[in-house]
Novice: 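First the structure, which I've put down as structure tokens, then a few questions once you've had a look.
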Amino acid sequence: MSIHALPFTAMNHDTTALIADDEEGPREQLRSALKRLWPELHIVAASRHGVDAWDDFLAHEPAICFLDINMPGLSGIEVARRMGATAHPPHVVFVTAYGDHALAAFDAGAIDYVMKPVDDVRLSQAIDRVKARLPRPAPDLQALLQQLLPSAASPPKPKMIQASLGREVKMIAPEEVIYFESDNRYTRVVHTGGEALIRTPLKELLTSLDAELFWQVHRSILVNCRCIASALRVDENSMVLTLKGRDEKLPVSRQFQGLFKGQ
Amino acid sequence: MKQLYKTYGLFILCNGPATAAVKWWGMHHGLDAETRELMTLLLSLPTLFFAFAFWVVAMWRNEFMADWLHDQEMAAQSRALSQQLATAQIQPHFLFNSLASLQHWVQQKDDRAAPLLNSLTSYLRATLPLFDRPFLSIADEALAVQHYLEVMQARLGDRLRFQLHISPEAAQAQLPPGLLLTLVENAVEHGIQTQLSGGEVQLHARLDAQGALQIQILDNGRGPAVELSFSADLVPDTPASLGKGLGLRNSWLRLQQAFGARASLSLRTREGGGCIASVCVQPA
């Protein structure tokens with residue numbers, strides 16, 4: 001066996017992918033087409049909407065993401081943009097239906113896409129392109145994706161957080177929250193006035209909060225950036241945050257360590 | 001027409017030699033100069049007559065062609081307009097997404113394929129002739145709406161629920177075609193498909209005590225980005241950021257063309273969350 005063959009075989013077996021579409025039909029169609037045309041590809045997640053796609057990406061870190069564009073929660077474009085800001089952005093292939101406004105930009109830029117209903121010939125071409133790109137880091141699409149986001153996207157209205165505490169419903173203003181932490185099916189809300197549990201999963205919560213204020217530093221942690229005192233590198237892989245006036249330390253996962261790079 | 005040209009050409013061709021031949025024949029048979037002139041004149045008269053007739057026919061034909069071309073142009077324009085409306089209505093996005101589900105379920109021999117194909121076919125059948133007529137009864141349009149919702153329900157599964165409530169009196173009321181469909185599509189697209197857990201679309205159509213047609217399309221999504229109210233003296237600028245702006249504005253223009261000041265259209269936040277699109281047409 002030649003030395004050059006090694007990395008390629010290893011890559012082929014280890015290549016992981018995520019597919020995301022909010023409709024079952026197209027999602028499963030893509031999954032079976034991929035199984036047929038790229039049997040070695042390991043599909044680690046088939047997400048039902050943008051929020052799951054983002055969460056599944058953080059959980060599995062797949063090398064390739066096949067993203068539908070119109071999905072509730074987060075659009076495919078938004079998910080790709082978030083992924084692009086992490087430490088290891090995946091190779092993104094958009095899956096879109098004819099008539100999508102983003103199509104022209106895809107054609108002009110370095111963005112891979114396939115059209116729904118997916119046909120074998122086109123999907124094979126997309127697969128070949130991705131395979132050719134895989135050995136290199138994914139191209140930086142941030143600027144292009146930014147343009148594709150609706151220009152007048154109104155920032156989410158800050159909603160009061162309502163936490164049940166026995167018979168009482170506690171009203172918490174988002175800016176009073178220090179951090180949110182995922183806790184099984186609940187989300188722990190640590191705020192200036194104490195702690196509470198809410199039933200909205202963290203992954204859904206993050207789409208309704210101001211992303212400028214609440215930074216995701218871990219798959220299960222959103223922190224109010226104004227409450228961060230410092231980021232401390234522990235070793236090559238781990239980093240922790242200290243908070244103003246509080247003792248607990250919050251972990252920063254490898255994916256998000258790029259947020260703290262100093263100036 | 002070609003026949004006429006040929007006959008005329010042939011006649012002109014033959015006329016010259018014939019006149020010459022007659023002159024020659026006359027000289028050799030001792031006819032006097034006066035008779036020869038008369039015969040030449042007689043022979044050229046048909047030429048003049050034919051030339052005149054030809055001119056009249058050509059003019060008439062020109063007029064006729066101009067009229068015919070104009071009619072054709074008008075027909076083409078009106079076809080283009082309905083084409084525009086129809087393509088605006090049946091969005092390729094909708095069609096191809098539906099086909100994606102259909103294709104997969106056919107390949108997998110999934111039982112959902114046949115009902116989806118039926119609904120899609122009925123939807124297309126109900127929608128394509130929509131724009132040939134200036135008005136459509138609510139009952140007829142509700143059929144297209146029903147099939148559209150069936151297709152979307154097949155695709156979205158339990159994420160979409162719907163109810164249509166149309167009173168028998170309202171069913172006979174006439175509206176510009178495509179109006180209800182546009183509003184229901186907006187509700188599904190912006191109120192249901194954007195929600196993680198989906199929602200419900202309701203269509204209510206009734207006549208109130210004054211005989212005014214009252215239509216409401218409700219969803220329980222995130223509500224409209226901007227509340228809008230169209231009436232005869234107030235046409236708000238629909239912000240470009242509002243995806244449904246164009247469809248809504250077109251709906252309003254068609255309503256106003258049909259009913260003038262009697263019609264109104266609004267988009268409001270529903271109490272408890274969601275959007276209410278209301279159409280009202282006062283009796284004449």
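Labels below follow one simple rule: chain letters A, B, ... track the order of the sequence lines, proteins then strands, and each chain is numbered from 1. Quick caveat, the model's predicted, so the values are computed rather than measured.
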Novice: Examine whether an atom of A:Ser75 lies under 4.5 Å from a heavy atom of chain B, and if so say whether it belongs to the side chain, the backbone or both; otherwise answer neither.
Specialist: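 Contact with chain B involves no heavy atom of A:Ser75 at all.
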Novice: I want to check something: taking the side chain as every heavy atom from C-beta on, are B:Gln174 and B:Ser137 in contact at a cut-off of under 4.5 Å?
Specialist: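 Side chain of B:Gln174 against side chain of B:Ser137, heavy atoms only: contact under 4.5 Å found.
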Novice: With a 4.0 Å cut-off, would you call A:Glu78 and A:Arg81 a salt bridge?
Specialist: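 Looking at A:Arg81 together with A:Glu78, the answer is no, because their closest N to O distance does not fall below 4.0 Å.
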Novice: Measuring from atom CG of A:Leu222 to atom OH of A:Tyr179, what distance do you get when rounded to the nearest 0.5 angstrom?
Specialist: 12.5 Å
Novice: If you draw a 6.0 Å radius around CD in A:Glu212, do more than 12 non-hydrogen atoms from other residues or ligands fall strictly inside?
Specialist: no
Novice: Side-chain contact, heavy-atom cut-off 4.5 Å: A:Leu58 with A:Lys203?
Specialist: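 No. Closest side-chain heavy atoms not under 4.5 Å.
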Novice: For A:Arg122, does the CZ atom sit with more than 12 other heavy atoms under 6.0 Å from it, leaving out its own atoms?
Specialist: no
Novice: Would you say A:Thr15 and A:Leu41 make side-chain contact, with heavy atoms under 4.5 Å?
Specialist: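 Yes, their side chains come closer than 4.5 Å.
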Novice: So do B:Leu265 and B:Leu183 actually touch side chain to side chain, heavy atoms under 4.5 Å?
Specialist: yes
Novice: Decide, yes or no, whether a salt bridge links A:Lys116 with A:Asp68 under the criterion of side-chain N to carboxylate O below 4.0 Å.
Specialist: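 Yes.
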Novice: Taking heavy atoms only and a threshold strictly under 4.5 Å, list by residue number the residues of residues 98-118 of chain B that touch chain A; give 'none' if the list is empty.
Specialist: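 Residues in range: B:Leu99, B:Ala100, B:Ser101, B:Gln103, B:His104, B:Trp105, B:Gln107, B:Gln108, B:Arg112.
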Novice: Looking at B:Gln256 and B:Ala263, would you say the former's side chain and the latter's main chain have a donor-acceptor pair under 3.5 Å?
Specialist: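 Answer holds: no.
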Novice: Report, by ascending residue number, the residues of residues 147-157 of chain B in heavy-atom contact with chain A at a distance under 4.5 Å; give 'none' if the set is empty.
Specialist: B:Arg155, B:Leu156
